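Not measured: the values here are computed from a predicted model.
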Amino acid sequence: AGHRAVPVRIGEFEKGVDHIPTPDETARKERWGYSWAPRYDHVPTGLLFFRVYGDSSSTRLLESSTKWLGDHVPKVIALVRKATEVALAERARKWKQEQEEQREAARVLAKRQAHYEQWERSLLDQAKAWEQATRLRTFLASFGSTQRSPTAGAFLEWASGYADMIDPTT
């Protein structure tokens with residue numbers, strides 16, 4: 001088939017006939033009262049067959065008195081072609097499934113990246129706000145130690161609240 005191994009066996013068909021006890025089996029039975037023997041004997045029939053093994057089953061094509069074994073060759077070829085078609089269809093199905101899995105993985109990765117980009121922007125914005133609030137507090141501490149006017153107290157109170165408002169850690 002080229003795409004999958006398809007075993008084809010040629011053999012001689014054997015027919016199962018009732019077992020005829022051998023002299024040894026008869027002697028054992030007379031001596032011991034029992035002798036195990038197979039139920040059937042398999043005898044050659046002189047007829048040949050093809051056995052084509054598929055994925056989960058096999059097909060036997062038996063010659064007969066009216067049909068020569070060579071007449072089954074087109075059927076054997078058809079079975080091998082069918083196995084090839086099945087193998088190609090399975091390969092295509094697996095390829096399609098792999099492609100879908102890759103697309104899904106790319107979609108999940110893109111979604112994660114977008115989410116991480118949002119987190120990164122938020123993190124940088126919060127770090128910038130914290131840095132600004134820290135600078136303001138340093139300034140206000142220095143400014144407050146030098147100012148004694150009544151309006152400066154109100155300004156310092158408002159500015160301290162503003163620093164707390166923009167600080168993401170408070």
Side-chain angles (χ1 to χ4, degrees), residues 1-134 165-170:
H3 299 282
R4 185 174 121 0
V6 180
V8 177
R9 181 177 156 232
I10 300 174
E12 183 176 5
F13 180 68
E14 294 180 341
K15 182 179 178 182
V17 295
D18 288 337
H19 177 68
I20 300 171
T22 64
D24 190 37
E25 293 167 345
T26 305
R28 273 191 306 231
K29 186 172 184 177
E30 288 174 4
R31 182 170 182 192
W32 303 105
Y34 177 80
S35 175
W36 182 88
R39 183 173 177 158
Y40 298 102
D41 290 330
H42 298 280
V43 295
T45 61
L47 300 174
L48 298 177
F49 68 88
F50 283 119
R51 184 171 300 271
V52 182
Y53 295 92
D55 283 332
S56 59
S57 64
S58 66
T59 302
R60 185 179 66 192
L61 304 167
L62 180 64
E63 81 177 339
S64 66
S65 59
T66 59
K67 193 164 192 173
W68 176 66
L69 187 65
D71 294 341
H72 289 295
V73 171
K75 177 74 173 175
V76 170
I77 292 170
L79 290 169
V80 170
R81 282 188 178 146
K82 182 179 177 188
T84 295
E85 291 168 4
V86 167
L88 288 173
E90 178 64 18
R91 184 180 293 170
R93 185 193 66 75
K94 283 182 181 179
W95 181 82
K96 186 177 179 182
Q97 181 181 1
E98 288 170 2
Q99 294 298 312
E100 183 60 36
E101 288 171 358
Q102 288 175 356
R103 279 192 294 276
E104 179 64 18
R107 188 188 66 73
V108 167
L109 182 61
K111 186 177 177 182
R112 283 183 185 164
Q113 283 176 333
H115 199 67
Y116 293 158
E117 287 171 3
Q118 276 183 324
W119 283 1
E120 182 181 6
R121 281 191 302 274
S122 177
L123 177 65
L124 292 175
D125 290 346
Q126 290 181 35
K128 191 175 181 180
W130 175 80
E131 192 175 88
Q132 188 177 14
T134 303
M165 182 186 75
I166 66 170
D167 187 350
T169 62
T170 56

* Flag side-chain contact, heavy atom, 4.5 Å: Pro38 against Glu25 -> yes
* Asked: Between Lys82 and Glu85, is the closest basic N to carboxylate O distance under 4.0 Å?
  -> no
* Reported NZ-to-OH distance for the pair Lys29 and Tyr34, which is rounded to 0.5 angstrom -> 9.0 Å
* NZ/NE/NH1/NH2 to OD/OE distance under 4.0 Å, Glu104 and Arg107 -> yes
* Any donor-acceptor N or O pair under 3.5 Å, side chains Arg103, Gln99 -> no
* **From Leu109 atom CG to Tyr116 atom OH, the distance as rounded to the nearest 0.5 Å** => 9.0 Å
* To do: Return yes if a side-chain donor-acceptor contact under 3.5 Å exists between Thr26 and Glu30, otherwise no.
  => no
* Drop me the distance from Leu48's CG to Ile10's CD1, to the nearest 0.5 angstrom. => 8.0 Å
* Rounded to the nearest 0.5 Å, how far does CZ of Arg91 lie from CZ of Arg93? -> 13.0 Å
* Asked: Where the side chain of Glu12 meets the backbone of Gly46, is there a donor-acceptor pair that is under 3.5 Å apart?
  -> yes
* His72 side chain vs Leu62 backbone, donor-acceptor pair below 3.5 Å -> yes
* Side chain Thr45, main chain Phe13, donor-acceptor under 3.5 Å -> yes
* Could you give the distance from CD (Gln113) to CD (Gln118), rounded to the nearest 0.5 Å? -> 13.0 Å
* Which value, rounded to the nearest 0.5 Å, describes the distance between Phe49 atom CZ and Leu69 atom CG? -> 9.5 Å
